[in-house]
S.K.: 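Before I ask anything, here is the structure I am working with.
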Amino acid sequence: TRSTRPQRMLKAVQKNAIRGNPESVISAIDYFCKHSEWAMNVGDEKGCILDSVVTEVDPSTVLELGTYCGYSTVRIARLLSPGTKFITVEFNPASAEVARKIIAYAGLQDKVTLVEGASGDLIPQIKKLYGITTFDFIFLDHWKDRYLPDIKLFEEYGLLGKGSVLLADNVICPGTPEYLEYVRNSPRYESRYYPSHLEYTKVEDGLEKSLFLG
Ligand SMILES: C[C@H](C[C@H]1O[C@@H](n2cnc3c(N)ncnc32)[C@H](O)[C@@H]1O)NC(=O)c1cc(-c2ccc(F)cc2)cc(O)c1O
Ligand SMILES: [Mg+2]
């Protein structure tokens, strides 16, 4: 049967990247997406903004919603200090399978816990399952209509502390209007928009960084 796009992306990594070298895995995926097939990774342009925010926060606990093939997982994990707890959640088993292989190819499997499932089911159990009290950094990149319900779950389950940083992908394209309205109008957050473009295109998109004020 025909392979899937994530499987073809994995093949491109195995062919063009150097095992244990995260930078080469990132470059191989970007090359594949620019020259073979577009795919919904955060990409190189928004990826650089993601890198700068992760570096600035230097988090001890990280949560990513929407692993897809693990591109942003690798971008984030390669920047983390030893001992950082990093959980990434992916709903689709086939994508999760490819992500595991790409994360392992980059040599970052020991830095990441990939959980297969839906964010809405996992978030209420995170404290119990992983002994994490609050997240220093959260990257939202899953179904765009889940950003708002999930940030409310973070509040409800006390997973945000003063200074927690949330970074949301695709706030323009495909767009997350309700989420933007919430974080930009809530007195509990200080939000800033980072203009950029939809991965591998000239279409306008950007990232929204929101600081939880406690
Ligand atoms: C949603 C996907 C990313 C992944 O998220 C997992 N997922 C979902 N809901 C949950 C959950 N509730 N819990 C855990 N995982 C979950 C899923 O299975 C995908 O693998 N991302 C996108 O759809 C996405 C789409 C575009 C895009 C932009 C312009 C176009 F013309 C077409 C597509 C760009 C992007 O940058 C994206 O990020
Ligand atoms: Mg995205």
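We count ligands from 1, going down the list as the structure has it; atoms in each ligand are counted the same way. Just so you know, residue 1 is the first one in the sequence shown, and it goes up from there.
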S.K.: Name the option, out of E64, H142, E90, that contains the heavy atom nearest to atom 17 (C) of ligand 1.
M.R.: E90
S.K.: Rounded at 0.5 Å granularity, tell me how far CG in L108 sits from CG in L80.
M.R.: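 Rounded to the nearest 0.5 Å, the CG-CG separation comes to 9.0 Å.
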S.K.: If we count only N and O atoms by modelled type, under 3.5 Å, do the side chains of S119 and D150 hold a donor and an acceptor together?
M.R.: yes
S.K.: Side-chain donor-acceptor pair under 3.5 Å between S81 and D58, yes or no?
M.R.: yes
S.K.: Which atoms of ligand 1 have any heavy atom of A118 under 4.0 Å away?
M.R.: 13 (N)
S.K.: Any N or O on N170 sitting closer than 3.5 Å to an N or O of ligand 1?
M.R.: yes
S.K.: Counting non-hydrogen protein atoms only, what is the nearest one to atom 12 (N) of ligand 1? Give residue, atom name and distance.
M.R.: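 Result for atom 12 (N) of ligand 1: S119 OG, 3.1 Å.
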S.K.: Could you tell me whether E199 and ligand 1 have an N or O pair separated by under 3.5 Å?
M.R.: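 So ligand 1 has an N or O lying under 3.5 Å from an N or O of E199.
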S.K.: Checking a contact table here: which protein heavy atom is nearest atom 1 (C) of ligand 1, and how many Å away?
M.R.: W143 CE3, 3.0 Å
S.K.: Donor-acceptor check, side chain of R5 to backbone of W38, threshold 3.5 angstrom: yes or no?
M.R.: yes
S.K.: Which atoms of the protein, restricted to N, O or S, are nearer than 2.8 Å to the Mg ion (ligand 2)?
M.R.: D141 OD1, D169 OD2, N170 OD1
S.K.: Is S210 reaching over with its side chain to a backbone N or O of S191, donor-acceptor style, under 3.5 angstrom?
M.R.: no
S.K.: Taking S36 for its side chain and C33 for its backbone only, find out whether a donor-acceptor pair lies under 3.5 Å.
M.R.: no
S.K.: One residue to check: D169. Relative to ligand 1, which of side chain, backbone, both or neither has a non-hydrogen atom less than 4.0 Å away?
M.R.: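 The answer is the side chain of D169.
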S.K.: Show the atoms of ligand 1 that are less than 4.0 angstrom away from any heavy atom in W38.
M.R.: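 By the 4.0 Å cutoff, the relevant atoms are 27 (C), 33 (C).
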S.K.: Taking the six-membered ring for Trp, is the centroid-to-centroid distance between H142 and Y68 below 6.0 Å?
M.R.: no
S.K.: Closer than 4.0 Å and a protein heavy atom, does any atom meet both conditions relative to atom 36 (O) of ligand 1?
M.R.: yes
S.K.: Which one holds for L198 and ligand 1: side chain close, backbone close, both close, or neither close, with close meaning a heavy atom under 4.0 Å?
M.R.: side chain
S.K.: Using a 4.0 Å cut-off to any heavy atom of G117, which atoms of ligand 1 qualify?
M.R.: 13 (N), 14 (C)
S.K.: For ligand 1, which is the ligand I care about here, please tell me if R146 has any N or O atom under 3.5 Å from one of the ligand's N or O atoms.
M.R.: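 In fact, backbone or side chain, R146 has no N or O that close.
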S.K.: Could a heavy atom of C69 be found less than 4.0 Å from some atom of ligand 1?
M.R.: no
S.K.: Keeping the roles fixed (side chain from Y105, backbone from P22), state whether a donor-acceptor pair exists under 3.5 Å.
M.R.: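 Not confirmed, Y105 side chain does not pair with P22 backbone.
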S.K.: Could you identify the single nearest non-hydrogen protein atom to atom 15 (N) of ligand 1 and state the distance to 0.1 Å?
M.R.: F91 N, 3.2 Å
S.K.: Write out the residue and atom name of the closest protein heavy atom to atom 24 (C) of ligand 1, then the distance separating them to 0.1 Å.
M.R.: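 For atom 24 (C) of ligand 1, the nearest protein heavy atom comes out as M40 SD, 3.6 Å.
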S.K.: Is atom 3 (C) of ligand 1 close to the protein, meaning a heavy atom under 4.0 Å from it?
M.R.: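 So far as the 4.0 Å threshold goes, atom 3 (C) of ligand 1 is in reach of a protein heavy atom.
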S.K.: If I take atom OH from residue Y71 and atom CD from residue E199, how far apart are they, to the nearest 0.5 angstrom?
M.R.: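 These two atoms lie 9.0 Å from each other.
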S.K.: Can you name the atoms of ligand 1, numbered from 1 with element, that are less than 4.0 Å from a heavy atom of N92?
M.R.: 18 (O)
S.K.: Report yes or no: do V54 and L140 belong to one cluster of Ile/Leu/Val/Met/Phe/Trp/Tyr joined by side chain heavy-atom distances under 4.5 Å?
M.R.: no
S.K.: So, taking the atom named CG in D44 and the one named OG in S27, what distance separates them when rounded to the nearest 0.5 Å?
M.R.: 9.0 Å
S.K.: Are L63 and F139 side-chain neighbours, meaning at least one heavy-atom pair lies under 4.5 Å?
M.R.: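 No; the side chains remain at least 4.5 Å from each other.
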S.K.: Do D30 and Y200 have a side chain donor and acceptor closer than 3.5 Å?
M.R.: yes
S.K.: From the options R2, Q7, R8, select the one residue that forms a side-chain hydrogen bond (donor to acceptor under 3.5 Å, both in side chains) with T4.
M.R.: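 For T4, the side-chain hydrogen bond (donor to acceptor under 3.5 Å, both in side chains) test succeeds with only one of R2, Q7, R8, which is Q7.
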S.K.: Considering only non-hydrogen protein atoms, determine which one is nearest to atom 5 (O) of ligand 1 and report residue, atom name and distance to 0.1 Å.
M.R.: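 Atom 5 (O) of ligand 1 sits closest to the protein heavy atom G66 CA, 3.4 Å.
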S.K.: Under a single-linkage definition using a 4.5 Å side-chain heavy-atom cutoff for Ile, Leu, Val, Met, Phe, Trp and Tyr, are L148 and L207 assigned to the same hydrophobic cluster?
M.R.: no
S.K.: Check this for me - ligand 1, D141, N or O atoms closer than 3.5 angstrom, yes or no?
M.R.: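 Yes; the residue has a nitrogen or oxygen that sits under 3.5 Å from a nitrogen or oxygen of the ligand.
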S.K.: Checking the side chain of K85 only, and the main-chain atoms of Y130 only, is there a donor and an acceptor separated by less than 3.5 Å?
M.R.: yes
S.K.: Does even one non-hydrogen atom of V89 get within less than 4.0 Å of ligand 1?
M.R.: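 Within the 4.0 Å threshold, so yes.
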